[in-house]
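Structure record follows, encoded as structure tokens.
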Amino acid sequence: MKILFAIPALVALTTAPVFAQQTRSKTVDGPNYSGTQTITVDPTTKTYAKDGTLTRKSDGAVATRQVDAQRTDAGVTASGSSTGFNGKTSSFNYDRVRSDNGSSATGTFTGRNGDAYAYNGNVARNGDGTGYTASQGVTGPGGTSLYNRNVTATRDASGINRSVTTSRAPGFRPGAARARIGRR
């Protein structure tokens, strides 16, 4: 009989909490470089951290990357930076706040050449649930408008009506930065 009561206690002591912090590390060692990457996720504090370092074997130059994110009751905030083998640094900050009928987001990015960019975006649902409006904008050095996108969508008995207007400065590609980030 005592064993029946001891088993649940033993299981409780030997199992880790379901929502415990998790850390994963990866080490690479190639012919030209070596490095480590560590990712830590903590569901309890709703945080994410990613840190990485690469060392070029030919000259010992070091490149680093660091990203931190935190989910809050009202949205998410993230920041990070990276330094290339040449010592030049880029950084970003991003905040998104939810509201009862949508969300708003702001962010900044400073490139390795020192140019600063700002992002803003908003999404708002109609009160009756029949549509939404959304806008995104990017400004570059000196406040120059580089990209704007506005969307209006409504739903009625005849179907869905969607209107999208976009303006973009010559040579600016809004998805190019995301594509580069995804490859790393």
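- No donor-acceptor pair closer than 3.5 Å links the side chain of R98 to the backbone N or O of V76.
- For CG of D100, the number of neighbouring non-hydrogen atoms (other residues, nucleotides, ligands) closer than 6.0 Å is 12 at most.
- S34 approaches D29 most closely through the heavy-atom pair CB-OD1, 3.6 Å.
- Summarising the geometry of A169 relative to S145, their closest heavy-atom pair is CB-O, 4.1 Å, with the distance given to 0.1 Å.
- Side-chain N or O atoms of Q21 include none that pairs as donor or acceptor with a backbone N or O of T44 at under 3.5 Å.
- Of all heavy-atom pairs spanning T139 and L146, the tightest one is C-CD1, 4.1 Å.
- T152 and S163 share no side-chain donor-acceptor pair at under 3.5 Å.
- Atom CZ of residue F109 and atom CG of residue D115 lie 9.5 Å apart, to the nearest 0.5 angstrom.
- Under a hydrophobic clustering in which Ile, Leu, Val, Met, Phe, Trp and Tyr are joined whenever their side-chain heavy atoms come within less than 4.5 Å, directly or via other members, V97 and F92 fall into different clusters.
- Among residues two or more places apart in sequence or in another chain, the side-chain hydrogen bond (donor to acceptor under 3.5 Å, both in side chains) test is passed with Q66 by D68, S81.
- If you take OG1 on T166 and CG on N150, they are separated by 8.0 Å, rounding to the nearest 0.5 Å.
- Each of V28 and V62 belongs to its own hydrophobic cluster when Ile, Leu, Val, Met, Phe, Trp and Tyr are linked at side-chain heavy-atom distances under 4.5 angstrom.
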Assess whether side chain to side chain donor-acceptor pair (under 3.5 Å) is satisfied between T83 and T89, documenting all intermediate values.
CA-CA 4 Å; T83 302; T89 299; 3.0 Å; yes

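- Taken from OG1 in T45 to CD in Q70, the straight-line distance is 6.0 Å, to the nearest 0.5 Å.
- Using a 4.5 Å heavy-atom threshold, the side chains of K46 and T72 count as separate.
- Among all heavy-atom pairs drawn from S25 and T38, the shortest one is OG-OG1, 3.4 Å.
- For the pair G60 and T55, the tightest heavy-atom approach, listed with the atom from each and the gap, is O-CG2, 3.9 Å.
- K26 places no side-chain N or O within donor-acceptor distance of the main-chain N or O of I39, the cut-off being under 3.5 Å.
- Here the NZ atom belonging to K57 is positioned 8.0 Å from the CG atom belonging to N32, to the nearest 0.5 angstrom.
- A distance of 7.5 Å separates OG1 in T40 from CG in D51, rounded to the nearest 0.5 Å.
- Donor-acceptor pairing under 3.5 Å is recorded for the side chains of D95 and T77.
- Open room surrounds OH on Y33; 12 or fewer heavy atoms of other groups in view lie less than 6.0 Å from it.
- With rounding to the nearest 0.5 Å, the separation of CG in N101 from OH in Y132 is 14.0 Å.
- Side chain of R112 to main chain of G87: no donor-acceptor pair is present (N/O by atom type, distance under 3.5 Å, no hydrogens or angles).
- A salt bridge does not link D128 to R155: none of the charged nitrogens lies less than 4.0 Å from a carboxylate oxygen.
- One hydrophobic cluster, built from ILVMFWY side chains closer than 4.5 Å, holds both Y94 and Y48.
- Considering every non-hydrogen atom in both G137 and N148, the closest pair reads CA-OD1, 3.6 Å.
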